[in-house]
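Being a predicted model, the structure only gives us computed values, none of them experimental. Side chains included, hydrogens not; waters and symmetry mates left out as well; all remaining heavy atoms used.
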Amino acid sequence: MKTFAISLKRNAALLFKNRKLNLFLLFSAYFFIGVLFTRLMKSTGVGYSVDDNLRYNHLSNQILAGNFNLNIGIFIVAPLYPYLEAFVKLLTGNHWIIGMIFVQIILFSLSGIYLYLIAELLFEEYSRRIPLLSAFIYLIFPMTMWFVGTFSQEMLFQSLFIITIYYLLKALKEQNLKSLITSAFLYLLTFLTKSHILLFSPFIVLIIFISMNTTKIRKLVYSLMFGGICLLFTLPYGLYNLRVNGVYTFSTNGADFFFYTGNNESTYKFLVATPSINSSEYKWLASMSWIPSDAVKDRKLYIIKALQWIKDNPRKFIELKKVDLFQFLTPGVSYKHYPFNKWLQSFIVSLPIYLFGYLGIIIALTKDFRKHVWILSLFLTMIIFSVGFYVQNRFRTITIEPFYIVYSAFGIWYFLKQIPLGKILQH
């Protein structure tokens, strides 16, 4: 029996050290959980009701019919997801729903692998258990897998951005030009999926100059190369929209629209003076039927109307921004806009990730600011978007919560290391 136990321990150690096998097993676990989660969401009737689903279904059908203009009136839609859905429909025909879910489960599984690799880059010097803990949390955290079975941009964006960050961090650490070029191409695909991440662009240059241990000339070359790749490959979509819609756009021209939706009287009522979620007023506010139709013809009116409301209502504006900031910093969904049970469940599940995530970020920045300035930059990016434009926590979930998971794993490891029982986690 003792010999068998020693043999089992040795085999387990070998398995732990076999990195490729570990990654394969991890990918398989993510895929299995993704399948289970989508089945659960389908059986409960949740997860297939995202408002954007019908829009993308229509746009992908339109693309297949030969109409490539993604102008929906209020803004021009970012192209990558509608084209992906159209491509899956072309390949799978009437079985496109299964095909699309399969693609998104693959993306979810890959993003889990790359989160593990990000944790390795950032924290393996502390403990090999931090990447494993990150992988495990991502495996069970429902918020970041919520959109795996929905037909919208979210899962594609989340996966692409996670992989973008991995190659950016790898390029910074190893001064690897190939990784930088890979990161730039992935970042391009990311903002062609959802354009709010373009706010991160100036920070990328800042991160390169702060984090890279090389000459200023090389930092400048890396920055120009990253930006040049992104600009060059926006030309086809930008020039097409310039010809068809009279506007050059990198991805979508929805910034004016989103600024207005985040700064007006109706949004103030919806977020600050929120009526009962069962009331007709709440349903009207949630439907966004209050969006002015005249601004569709002249999108500049969105900015004009928003700035006018801010000028006329400075106190309400400050109140609204406080609520935006509070909702961004607080884990879970908004308690004002969801039934109490759903809010409580999301809060309980998310609270440890946020508490240990914030702890991990603070400790990491204190220990090595240059190495971890990227997460501070992303945090500031999302504050600018959520507070300046419109707080929607699904944007927070797909953009920064996966990285909260990585830093929460570090925060948990660091916390446990301080107590006697947790010293076993030091190695």
Side-chain angles (χ1 to χ4, degrees), residues 19-20 23 80 107 110-126 128 130-131 134-135 138 156-234 250-251 360-361 364-365 367-382 398-400 402-407 409-410:
R19 191 165 182 271
K20 289 184 178 179
L23 293 177
L80 192 60
L107 289 170
L110 282 174
S111 61
I113 295 296
Y114 277 94
L115 268 189
Y116 174 91
L117 296 176
I118 287 171
E120 271 191 340
L121 281 176
L122 295 175
F123 299 116
E124 193 175 33
E125 64 190 83
Y126 292 99
R128 291 180 300 173
I130 296 173
S134 301
Y138 191 66
L156 177 61
F157 173 89
Q158 178 175 292
S159 303
L160 286 172
F161 190 52
I162 289 171
I163 304 172
T164 297
I165 291 297
Y166 168 74
Y167 282 103
L168 177 62
L169 294 177
K170 185 177 174 66
L172 296 174
K173 181 177 182 179
E174 300 175 0
Q175 298 184 36
N176 187 314
L177 188 58
K178 182 180 177 181
S179 294
L180 183 88
I181 293 171
T182 303
S183 179
F185 273 107
L186 288 164
Y187 184 63
L188 163 72
L189 295 177
T190 303
F191 71 70
L192 285 175
T193 305
K194 289 188 86 68
S195 63
H196 73 283
I197 201 59
L198 281 168
L199 292 170
F200 189 53
S201 302
F203 288 105
I204 293 175
V205 177
L206 183 67
I207 292 165
I208 289 173
F209 271 83
I210 292 176
S211 299
M212 283 193 71
N213 185 24
T214 187
T215 63
K216 290 182 180 179
I217 294 296
R218 192 168 186 180
K219 292 176 182 179
L220 180 61
V221 169
Y222 270 52
S223 300
L224 291 174
M225 185 169 291
F226 193 101
I229 290 171
C230 293
L231 289 173
L232 179 63
F233 286 90
T234 63
F250 294 127
S251 171
I361 290 170
L365 286 168
K367 288 182 173 293
D368 193 339
F369 181 83
R370 291 177 62 188
K371 186 176 183 179
H372 298 280
V373 68
W374 74 273
I375 188 64
L376 176 61
S377 300
L378 183 57
F379 183 80
L380 293 174
T381 297
M382 289 309 298
I398 62 174
T399 308
I400 198 169
F403 306 112
Y404 283 168
I405 288 174
V406 173
Y407 281 90
F410 174 63

>> Return the OG to CD1 distance between Ser377 and Ile210, rounded to the nearest 0.5 Å.
In response: 6.5 Å
>> Measuring only between side-chain heavy atoms, which start at C-beta, is Ile207 closer than 4.5 Å to Phe200?
In response: yes
> Is there side-chain contact between Lys194 and Thr399, with at least one heavy-atom pair below 4.5 Å?
Replying inline: no
> Rounded to the nearest 0.5 Å, how far does CD1 of Ile130 lie from OH of Tyr407?
Replying inline: 11.0 Å
> Looking at Leu122, Leu115, Ile361, which one forms a side-chain contact (heavy atoms from CB on, under 4.5 Å) with Phe403?
Replying inline: Leu115
>> Is there a side-chain contact between Trp374 and Ile204 in this structure, where contact means two heavy atoms from C-beta onward sitting under 4.5 Å apart?
In response: no
>> Within the structure provided, determine whether Val406 and Ile375 are in side-chain contact (heavy-atom separation under 4.5 Å).
In response: no
> Within the distance-only criterion (no hydrogens, no angle test), does the side chain of Gln175 pair as donor or acceptor with the backbone N or O of Met212 below 3.5 angstrom?
Replying inline: no
>> Show the nearest heavy-atom pair for residues Ile162 and Ile118, with the distance to one decimal.
In response: O-CD1, 3.5 Å
> Would you call Lys170 and Leu117 a side-chain contact if the rule is heavy atoms closer than 4.5 Å?
Replying inline: no
> Is it true that a side-chain atom of Lys219 and a backbone atom of Phe209 form a donor plus acceptor pair closer than 3.5 Å?
Replying inline: yes
>> Measuring centre to centre across the rings, with the benzene-like ring taken for any Trp, is His196 within less than 6.0 Å of Phe157?
In response: yes
> Between Pro202 and Leu199, which heavy-atom pair has the shortest distance, and what is it?
Replying inline: CD-O, 3.4 Å
> Just by distance, do the side chain of Tyr187 and the backbone of Ile197 share a donor-acceptor pair under 3.5 Å?
Replying inline: yes
>> I'd like to check Phe410 versus His372 (side-chain heavy atoms, cut-off strictly below 4.5 Å). Are they in contact?
In response: no
>> Using every non-hydrogen atom in the two residues, find where Leu177 and Met225 come nearest and quote the distance to one decimal.
In response: CD1-SD, 3.4 Å
> Is the Tyr404 ring parallel, tilted or perpendicular to the Phe379 ring (thresholds 30°, 60°)?
Replying inline: tilted
> OG1 of Thr381 to CG of Leu198: how many Å apart, nearest 0.5 Å?
Replying inline: 11.0 Å
> Are the side chain of Thr190 and the backbone of Leu186 linked by a donor-acceptor contact shorter than 3.5 Å?
Replying inline: yes
>> I'd like to know whether CZ of Phe250 has more than 12 heavy-atom contacts from other residues, nucleotides or ligands below 6.0 angstrom.
In response: no
> Do the side chain of Ser251 and the main chain of Phe191 share a donor and acceptor less than 3.5 angstrom apart?
Replying inline: yes
> So, Glu125 and Lys371, do they make that salt bridge, N to O below 4.0 Å?
Replying inline: yes
> With under 30° as parallel and over 60° as perpendicular, where do the rings of Tyr167 and Tyr114 fit, or are they tilted in between?
Replying inline: tilted
>> Within the 4.5 Å heavy-atom criterion, are Val373 and Ser211 side-chain neighbours or not?
In response: yes
>> Please report the interatomic distance OG1(Thr182) to CG(Leu168), rounded to the nearest 0.5 Å.
In response: 11.5 Å
>> How long is the straight-line distance from CD1 of Ile400 back to CD1 of Ile405, given to the nearest 0.5 Å?
In response: 12.0 Å
>> Restricting to non-hydrogen atoms, name the atom on Ala184 and the atom on Cys230 that form the minimum distance, rounded to 0.1 Å.
In response: O-SG, 3.7 Å
> Between atom CZ of Phe161 and atom CG of Leu156, what is the distance when rounded to the nearest 0.5 Å?
Replying inline: 13.5 Å
> Ring centres of Phe185 and Phe233 under 6.0 Å apart?
Replying inline: yes
> Can you name the closest pair of heavy atoms from Ser111 and Tyr138 and give their distance?
Replying inline: OG-OH, 2.8 Å
> Is Phe226 close to Leu180 at the side-chain level, that is, under 4.5 Å between some pair of heavy atoms?
Replying inline: yes
